[in-house]
2 protein chains.
Amino acid sequence: MLSKKTKYAIRALIALGERYQKESVNISFIAETEKIPKKFLEQILLELRNAGFLYSKKGAGGGYSLLKDPQEINLVQVMRLTGGPIAQLPCVSLNFYQRCDECKEESTCGIRDTFKDVRDATLKILSETTIADLIAKEKRLAG
Amino acid sequence: MLSKKTKYAIRALIALGERYQKESVNISFIAETEKIPKKFLEQILLELRNAGFLYSKKGAGGGYSLLKDPQEINLVQVMRLTGGPIAQLPCVSLNFYQRCDECKEESTCGIRDTFKDVRDATLKILSETTIADLIAKEKRLAG
DNA sequence: AAAATGTCTACTAATTCTGTATACTTTATA
DNA sequence: TATAAAGTATACAGAATTAGTAGACATTTT
């Protein structure tokens, strides 16, 4: 399951992406328009900032803006940052690998093999989907 | 993430599938050979039994055996039974649908749209993979 | 009768996820 | 220069989920 945290992060990036190279936005505004608990959102935006996605400015009139081009931010990046592994099995995760402790022989595990395929398929879709795509898609769907 | 429960269920089905229409196996044996906590496994096998996958016999010399053909049991069935939804978003789940409470308009949600694709790709792989496939795959991998 | 097995339900422990609280720093501006 | 409006940082708390344990019971074989 996608965590709320990740979902909120994506929504916030969409909101910021819509104003890319235009205005900056403050946390309260995003929290209200996207129905995200403000304090929780603070943490999330902070992480995104520390990871280099966002620029922030303190003080009156301050706020957040997107540093990277929305076309350059895909969902794999966001998910790994806020939600951890993409893979459904730790022994198949590229960035958060962990051996299964009850596993006899990793190399002959059929479950592992199958979930590698699932991981690859998921990774393909999510890495090909950018914040810019989501913005465009939502505009299109809203028609 | 795949729950331990689901993973244990799959492993147990593989163990039983290897003896399909041959011997029956008791819980303790599976628990030991697959390194699964016995009491936990009891619950899992019971669920599989109640769902019609297994036949069981009580008493001395009793045990479990597979009722369905391993070729007829795919991973989607097992996962839905023991782990719940396959989809990573509740609003995209076929069998466990739930609306997202912070969602403004489901029909124009780009996240939803993307995770529908992920669900479909996952579903395809998992529905095409049967217990028999896993058994064959493990034999092959073991060389 | 005794031992070996599965059945059933309730409980507990551990972990993870969500969200809150609080104190602090920086900036604009009146 | 004081004040208010922002973001920064860390710690904590509550809720939900997952994992695992306990114990009494039912059935079957020997």
Side-chain angles (χ1 to χ4, degrees), chain A residues 1-9 11-12 16 23-32 34-67 79 81-85 88-90 96 98 100-102, chain B residues 1-9 11-12 16 23-32 34-67 79 81-85 88-90 96 98 100-102:
Chain A
M1 275 288 168
L2 201 67
S3 67
K4 296 249 181 186
K5 190 174 170 189
T6 300
K7 209 168 151 200
Y8 292 160
R11 288 247 72 90
L16 290 163
E23 328 89 70
S24 74
V25 189
N26 65 45
I27 297 177
S28 300
F29 178 81
I30 301 178
E32 278 161 34
E34 304 294 338
K35 290 200 238 168
I36 302 171
K38 189 184 164 197
K39 281 305 217 174
F40 196 15
L41 182 59
E42 279 184 12
Q43 293 175 29
I44 295 166
L45 292 180
L46 198 56
E47 270 186 68
L48 289 170
R49 186 204 104 107
N50 290 337
F53 290 92
L54 306 181
Y55 166 83
S56 66
K57 198 179 164 198
K58 286 183 181 180
Y64 277 101
S65 51
L66 202 53
L67 257 187
M79 286 185 68
L81 189 68
T82 59
Q88 298 203 41
L89 273 182
F96 300 84
Q98 258 187 299
C100 303
D101 28 271
E102 80 283 2
Chain B
M1 275 286 168
L2 199 67
S3 66
K4 296 249 183 184
K5 190 174 170 189
T6 300
K7 209 168 149 200
Y8 293 159
R11 287 248 71 91
L16 289 163
E23 326 88 73
S24 74
V25 189
N26 66 46
I27 297 177
S28 300
F29 178 82
I30 300 178
E32 278 163 34
E34 303 294 339
K35 289 201 239 168
I36 302 171
K38 187 184 164 196
K39 279 305 218 174
F40 197 15
L41 182 59
E42 280 183 12
Q43 291 175 31
I44 297 166
L45 293 180
L46 197 56
E47 270 187 68
L48 290 170
R49 186 203 104 106
N50 291 336
F53 290 93
L54 306 181
Y55 167 83
S56 67
K57 198 181 164 197
K58 286 184 179 178
Y64 276 102
S65 51
L66 201 53
L67 258 187
M79 287 184 67
L81 189 68
T82 61
Q88 298 202 42
L89 274 183
F96 300 85
Q98 257 187 299
C100 302
D101 29 272
E102 81 284 0

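What you are looking at is a predicted structure, and each value in this text was computed from that prediction instead of being measured. Convention: sequence-line order gives letters A, B, ...; per-chain numbering from 1.
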Could you work out which one of dG19(C), dG6(C), dT27(C) sits closest to the side chain of Lys4(A)?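 Of the options given, the side chain of Lys4(A) lies nearest dG19(C).
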Closest to side chain of Pro37(B), choosing from dG20(D), dC8(C), dT27(D): dG20(D)
Quick check on [N]: is either OP1 or OP2 less than 4.0 Å from any side-chain nitrogen or oxygen of [X]?
X: Arg49(B); N: dT7(C); answer: yes
X: Lys58(B); N: dT29(D); answer: no
X: Ser56(B); N: dT7(C); answer: yes
X: Ser3(B); N: dT17(D); answer: no

Want to settle it: does Lys5(B) or Leu46(A) sit nearer the 5' end of DNA chain D, counting the closest nucleotide to each? Leu46(A)
Both Gln43(A) and Lys38(B) contact DNA chain D. Taking the nearest nucleotide for each, which residue is further toward the 5' end? Gln43(A)
Taking CD in Glu102(A) as the centre, count heavy atoms belonging to other residues, nucleotides or ligands within less than 6.0 Å. Is the count above 12? yes
Nearest heavy atom decides the nucleotide; on that basis, is Ala60(A) or Leu45(B) closer to the 5' end of DNA chain C?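 Residue closer to the 5' terminus by nearest nucleotide: Leu45(B).
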Whole-Å distance separating the [atom1] atom of [X] from the [atom2] atom of [N]:
X: Leu16(B); N: dG6(C); atom1: CG; atom2: P; result: 11 Å
X: Leu2(B); N: dT17(D); atom1: CG; atom2: C1'; result: 15 Å
X: Phe40(A); N: dA9(D); atom1: CZ; atom2: P; result: 18 Å
X: Leu41(B); N: dT21(D); atom1: CG; atom2: C1'; result: 14 Å
X: Lys7(A); N: dG19(C); atom1: NZ; atom2: P; result: 11 Å
X: Glu42(A); N: dC24(C); atom1: CD; atom2: P; result: 16 Å
X: Gln88(B); N: dC17(C); atom1: CD; atom2: P; result: 13 Å
X: Ile30(A); N: dA6(D); atom1: CD1; atom2: P; result: 13 Å

What is the nucleic acid contact for [X], judged by heavy atoms within less than 4.0 Å: base, sugar-phosphate only, or nothing?
X: Lys39(B); answer: base
X: Ile27(B); answer: sugar-phosphate
X: Tyr8(A); answer: sugar-phosphate

Side chain proximity check, Tyr64(B) to Leu46(B), heavy atoms < 4.5 angstrom: yes
Given the rule in the side chain to side chain contact (heavy atoms under 4.5 Å, CB included) test, do Lys5(A) and Phe40(A) qualify, once you have shown the distances and angles that lead to the verdict? CA-CA 8 Å; Lys5(A) 190 174 170 189; Phe40(A) 196 15; 4.1 Å; yes
Considering all heavy atoms of both residues, which atom of Ser24(B) and which atom of Gly61(B) are nearest to each other, and what is their separation?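 Taking Ser24(B) first and Gly61(B) second, the nearest heavy atoms are OG-O, 4.5 Å.
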Take Leu89(B) and Lys7(A) through the side chain to side chain contact (heavy atoms under 4.5 Å, CB included) test and state the conclusion after the steps. CA-CA 9 Å; Leu89(B) 274 183; Lys7(A) 209 168 151 200; 3.9 Å; yes
